[in-house]
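All remarks here apply to the structure that follows.
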Number of protein chains: 2
Amino acid sequence: MTPRSPRPKDRGIPEATVARLPVYLRALQGMAERGTLTVSSEDLAAIAGVNSAKLRKDLSHLGSYGTRGVGYDVDYLVYQISRELGLTQDWTVAIAGVGNLGRALANYGGFGTRGFRIAALFDADGRVVGDEVAGLVVRHIDTLEDVVGSEDVSIGVIATPAVSAQGVCDRFVKAGVTSVLNFAPVVLSVPPAVDVRKVDLSIELQILAFHEQRKADGQAPPEAGWIDATEKT
Amino acid sequence: MTPRSPRPKDRGIPEATVARLPVYLRALQGMAERGTLTVSSEDLAAIAGVNSAKLRKDLSHLGSYGTRGVGYDVDYLVYQISRELGLTQDWTVAIAGVGNLGRALANYGGFGTRGFRIAALFDADGRVVGDEVAGLVVRHIDTLEDVVGSEDVSIGVIATPAVSAQGVCDRFVKAGVTSVLNFAPVVLSVPPAVDVRKVDLSIELQILAFHEQRKADGQAPPEAGWIDATEKT
DNA sequence: ACGCCCTTGTGAAAGTACGCACAAAGTAGG
DNA sequence: CCTACTTTGTGCGTACTTTCACAAGGGCGT
């Protein structure tokens, strides 16, 4: 029995699957723009750079949206994935730290093909406060609590130097932010109810260096062929 | 028996471990600077935000560098991890695309606490070519092959618009680059001998949105406590 | 209507990763 | 030297992930 939740839906999409849905979504949106109506798991998997069985299993977690013998309806699948990812509603984002990186993020057009609205930019440096970046006036970090509260920000992006990151994070969390995207090279501590994702340039480089060294050591002759980058993430 | 490779070492470090080593390394370097001589797996794990058993198992893949009853020698461990990650030698990096992001990357000081040297910046836009960014003169993308060859670049960073990414990647690869760090929102195709890692802002945001929606739906009361962010990567 | 062919959805197997719990090994104090 | 205490290194059970392989389902031509 174990009556678990109000909804009958299982609601147990594996994390690994969630991480791939955005990739599928992007591929599908590209196809939709080019006027493609349906796509097979084989073709979509090739574009997304994954195994087709994995793709089918991933999609099966959302429901049975394919048609045997035909494939998947592109538009319908775009809608279903968007809905599952929560992109049918808008999320409000605030960015703390308007250095080179913060600027790059603010100007990142579309910001994930809609679904995300940048509500505010914060910085602690008085020389930057008041500047206009990406159509927004940079505010002082001390106004963070006010703005996050009034704008109902749910996602905080941390693009500050490492030393300030935890402090800014704490303020975000206290102000009500429940998801944090961290670009600073530090491990953040947050309450369990808050999600943190980390993007760290130097970690990525170091992982590449590891494999690079491997290749240099006992240079195993690479098997021939040219495969889709199964970008190890 | 199975005499496999020249070196007796097993040389089979799990990918998940490799991805965490840089985190440990950073924590250890911080401790070293602060003068800490030894550290227990418990303490280091807390700082790195992981389970201590996992930390010990990770480190055990490099060898037995701890002392029971005492812990790990900080300096020694820094050295061992650095060596394993291939940071005892310098890797040469080239960045393609000098927009906001490329600039941010070029100026990212230390570039992973040494070990990486930026040899060149490339851009296709004539208005940017010739500018000085982070102490380097931006070169035209058409000189990519020459520079990559003469400077012996092994890691290529792609910070171009999505449409140019695959083309630039192909040129990098043809010129001899064997690792690629891709910031463009596309899946790159490369030969099997080339490693690709992807950093994708909108994917990260979409994953956060998914969890955000979860929380909003059936708002499961979060259990109390304040834990270290086990930053899901 | 029928049967062929194509593609999905999924059971089961294989491969990874995680974390507990404890024996082994070392330190320190008497 | 012996005992008490600390911390590593790892065996083992569990959970998650990936991949294979194929039965079931659905369209399309005749």
- Query: Nucleotide by nucleotide, 5' to 3', does protein get under 4.0 Å of the base (B), only the sugar-phosphate (S), or neither (-) in nucleotides 4-12 of chain C, counting heavy atoms?
  - Reply: --BBBBBBB

- Task: Please state how far atom NE2 in B:His61 lies from atom C1' in C:dT16, giving the value in whole angstrom units.
- Result: 11 Å

- Side-chain N,O (B:Asn51) to OP1/OP2 (C:dA17) below 4.0 Å: no

- Among residues two or more places apart or on two chains, list those pairs meeting salt bridge (Lys or Arg N to Asp or Glu O under 4.0 Å) that have a residue in residues 55-71 of chain B. B:Arg20-B:Asp58

- Message: Can you measure B:Lys54 atom NZ to C:dC18 atom P for me and round it to whole angstrom units?
- Response: 4 Å

- Message: Nearest whole Å is fine: how far is C:dG19 P from B:Asp58 CG?
- Response: 10 Å

- Item | B:Leu55 backbone acceptor or donor facing B:Asn51 side chain under 3.5 Å | no

- Expressed in angstrom and rounded to an integer, what is the separation of A:Ile13 atom CD1 from D:dT17 atom P? 12 Å

- Item | Any side-chain donor near an acceptor of the partner, A:Ser202 and B:Arg26, under 3.5 Å | yes

- Query: In whole angstroms, how far is the P atom of C:dA17 from the CG atom of B:Leu55?
  - Reply: 16 Å

Which donor-acceptor pairs under 3.5 Å do side chains of residues 86-96 of chain A form with protein atoms, sequence neighbours excluded?
| unit_1 | atom_1 | unit_2 | atom_2 | d |
| --- | --- | --- | --- | --- |
| A:Trp91 | NE1 | A:Gly86 | O | 2.6 |

- Message: Closer than 3.5 angstrom, by distance alone: can the side chain of A:Lys215 be matched with the main-chain N or O of B:Thr178 as a donor-acceptor pair?
- Response: yes

- Task: Could you tell me whether the side chain of A:Cys169 reaches within less than 4.5 Å of the side chain of A:Asn182, counting heavy atoms only?
- Result: no

